[in-house]
Student: 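Encoded as structure tokens, here's the structure I'll be asking about.
Quick note: residue numbers are just sequence positions, from 1. What you see below is based on every heavy atom in this structure, not just the backbone, and it leaves out hydrogens, waters and symmetry mates.
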Amino acid sequence: MSETQTPALQYRLDGPEDAPVLILGPSLGTTWHMWDRQVPELSKQWRIFRFDLPGHGGAPAYPAGAVADLASRLLATLDELGVQRFGYAGCALGGAVGIELALRHPERIASLALIAASPRFGTADEFRQRGVIVRTNGLDPIARTAPERWFTGGFAAAQPAITEWAVQMVRTTDPGCYIAACEALAAFDVRAELSRVGVPTLVLVGSDDQVTGPAEARTLVAGIPDARLAVVPGASHLVPVEQPAAVTDLLVRHFSSAWQPAYDSTTGQVAIPAAPVKPALTVPPQSGPVAEIAPAAVAQPEAAGRPDPYDAGLKVRREVLGDAHVDRALASSDEFSGDFQELITRYAWGEVWTRPGLDRRARSCVTLTALVAGGHLEELAFHTRAALRNGLTPVEIKEVLLQAAVYCGVPAANSAFKVAQQVIREETTPQE
């Protein structure tokens, strides 16, 4: 095991040193120990490389706010070890890293398995809201609710030790790294790029997964040209923990039979295997049947040229104010107000909020102060939510309003405190 400074990751190796490398990527809030029960069997054929996300499992707390950053750190770690080509299996956020590698570094991956994964994880608002809760309350509320997100009710009741292990694993994660990982998932969306994943892919999901369930899995299979779907009965989100034997069997079958040959630099060619047959995969008889195949998706054309300020503005507007707010504003616009919506999206958000001179935290401070001065309480409410998303804590928002009281007047600040207090209560109260 090695712990190094960024950009490398904390990792562990098991299995024969001369065997092909198989990487197992963890889910948000977990450590490499989520794969403990797969390693004994997998390490018979492969050199198993497991890694921890930043700030997880005692790993150095260098936050990574983008999936591409995590992929780059993983490749840097592998480069240090001299590992150029590998198979990859990842769960949830670990699966997103696998998709990123397959899209941006296809020459490195021989085969791919995506577990409890999705081309887009929920909505950006959901993960930014989670970041707000962690920033305000710490990780304890997230830790206490982890078992109900990760396991079926029957498993959690029958396995109290594993349930407590899950809670403690989240509780001991670095909050800043957890928040950054939420931001990474909030920004991750590769739905239009799936057709460019060119390696054999197993998409594996628990039948009872309420986080990234069979519907998301079918989207992956529909979009990835050479993909197979395996649905594991009686499992939720952390299917490798809940159904270890079934997952191990599926991974062994997939990586034993679907390992794309490497690019030959001497001939400039790649050996082309026969067209893949997509048989139904099965788990052991006691676990029940598992597979179905969805049709391929039509590739979406990529945008070319310099992005229009409107597009950049709409992206930033959604990131700061949230999809729900922006969707309501755009849906309510008509012939009379539509030009105004375009104006603020293009210039306020596309030209000003995207400028590099101030970060978003500073822009939120300026915006809150200006809204207090102008008495714009309705906009103060949704910009208080935006300030929380942009990284301001409730204490910092309080300080901004106190400063505004001195220079904008006590009556204005009094009204602002009432609005901000209600918003902060709503946004930072953990959902039980």
Side-chain angles (χ1 to χ4, degrees), residues 7-9 11 13 15 19-27 32 35 38 42-43 45-51 53 64 66-119 184 188 190-191 193-204 217 220-221 223-230 240 247 250-265 268-276 278 296 299:
L9 297 172
Y11 66 88
L13 288 165
V21 173
L22 175 58
I23 297 175
L24 302 179
S27 174
W32 65 45
W35 296 104
Q38 278 73 45
L42 294 178
S43 61
Q45 298 184 53
W46 295 279
R47 179 71 161 163
I48 302 301
F49 177 104
R50 289 183 284 172
F51 66 92
L53 298 168
V67 172
D69 188 6
L70 290 171
S72 295
R73 295 188 193 190
L74 175 58
L75 289 180
T77 309
L78 295 171
D79 289 344
E80 289 184 0
L81 296 171
V83 176
Q84 291 301 310
R85 193 164 172 79
F86 48 84
Y88 185 96
C91 183
L93 176 54
V97 172
I99 298 173
E100 181 73 17
L101 291 169
L103 288 171
R104 319 300 171 205
H105 306 276
E107 74 284 355
R108 303 292 293 267
I109 296 192
S111 192
L112 182 64
L114 305 175
I115 300 165
S118 176
F188 184 75
V190 294
R191 289 173 293 178
E193 300 180 78
L194 290 178
S195 63
R196 295 197 294 108
V197 175
V199 295
T201 303
L202 171 67
V203 179
L204 194 157
L220 288 169
V221 173
I224 298 173
D226 184 9
R228 300 162 178 80
L229 174 63
V247 171
L250 287 165
L251 293 180
V252 168
R253 293 181 186 211
H254 174 68
F255 288 110
S256 296
S257 61
W259 195 275
Q260 187 168 281
Y263 176 83
D264 187 342
S265 59
Q269 298 178 341
V270 174
I272 301 176
K278 291 193 173 184

Student: Any sub-3.5 Å donor-acceptor pair from Arg85's side-chain atoms to Pro261's backbone N or O?
Tutor: yes
Student: Do Val21 and Trp46 have side-chain heavy atoms sitting under 4.5 Å apart?
Tutor: no
Student: What closest approach, in Å, do Pro200 and Ala258 show between heavy atoms, and which atom pair accounts for it?
Tutor: CB-CB, 3.5 Å
Student: Measure the CG-OG distance between Leu251 and Ser256 for me, rounded to the nearest 0.5 Å.
Tutor: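 With rounding to 0.5 Å, CG (Leu251) is 10.0 Å from OG (Ser256).
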Student: Who passes side chain to side chain contact (heavy atoms under 4.5 Å, CB included) against Ala66, sequence neighbours left out?
Tutor: Asp69
Student: Indicate every side-chain donor-acceptor pair of residues 96-103 with a distance under 3.5 Å to a residue at least two apart or in another chain.
Tutor:
from	atom 1	to	atom 2	distance (Å)
Glu100	OE2	Arg104	NE	3.1

Student: Taking the side chain as C-beta and beyond, is there a heavy-atom pair between Asp79 and Gln84 under 4.5 Å?
Tutor: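 Answer yes - side chains close enough.
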Student: Side-chain contact test, heavy atoms from C-beta onward, threshold under 4.5 Å: evaluate it for Val67 versus Val190 and give yes or no.
Tutor: no
Student: Which distance, rounded to the nearest 0.5 Å, do you find between the CG of Leu24 and the CD of Gln38?
Tutor: 7.5 Å
Student: If I compare all heavy atoms of Ala8 with all of Thr77, which pair ends up nearest, and what's the gap?
Tutor: CA-OG1, 3.2 Å
Student: Has Arg108 got a side-chain atom pairing as donor or acceptor with Val83's backbone, closer than 3.5 angstrom?
Tutor: yes
Student: To the nearest 0.5 Å, what is the distance between CZ on Phe49 and CG on Leu9?
Tutor: 7.0 Å
Student: Look at the side chain of Arg47 and the backbone N and O of Gly15, then say whether any donor-acceptor pair between them is shorter than 3.5 Å.
Tutor: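 Between the backbone of Gly15 and the side chain of Arg47 there is a qualifying donor-acceptor contact (under 3.5 Å).
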Student: Under the 3.5 angstrom rule, does the side chain of Tyr11 hit a backbone N or O of Leu74 as a donor-acceptor pair?
Tutor: no
Student: Hey, what do you get for CG (Leu250) to CG (Leu204), rounding to the nearest 0.5 Å?
Tutor: 5.0 Å
Student: Evaluate the side-chain proximity of Trp32 to Pro26: yes if any heavy-atom separation is below 4.5 Å, no if none is.
Tutor: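 Side-chain contact under 4.5 Å: no.
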Student: Parallel under 30°, tilted from 30 to 60°, perpendicular over 60°: which one fits the rings of Phe255 and Trp259?
Tutor: perpendicular
Student: Would you indicate whether the side-chain heavy atoms of Leu42 and Trp35 approach each other to under 4.5 Å?
Tutor: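 Counting from C-beta outward, Trp35 and Leu42 never come under 4.5 Å.
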Student: Distance check, rounded to the nearest 0.5 Å: Leu22 atom CG versus Ile48 atom CD1?
Tutor: 4.0 Å
Student: Of all the heavy-atom pairs spanning Ser111 and His254, show the shortest one and how long it is.
Tutor: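 Here Ser111 and His254 meet closest at OG-NE2, 2.9 Å.
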Student: How close do Ser27 and Leu53 get, heavy atom to heavy atom, and via which atoms?
Tutor: O-CD1, 3.7 Å
Student: Would you name the heavy atoms of Val199 and Thr201 that are closest together and state the gap between them?
Tutor: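 Minimum heavy-atom contact is O-OG1, 2.9 Å.
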Student: Let me confirm one number: the CG-CD1 distance from Leu78 to Ile23, rounded to the nearest 0.5 Å.
Tutor: 4.5 Å
Student: Shortest non-hydrogen contact from Pro119 to Leu194?
Tutor: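 Closest heavy-atom pair between Pro119 and Leu194: CB-CD1, 4.0 Å.
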Student: Could you tell me which residues satisfy side chain to side chain contact (heavy atoms under 4.5 Å, CB included) with Ala217, sequence neighbours excluded, listed by chain and number?
Tutor: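 Here the qualifying residues are Val203, Val205, Leu229.
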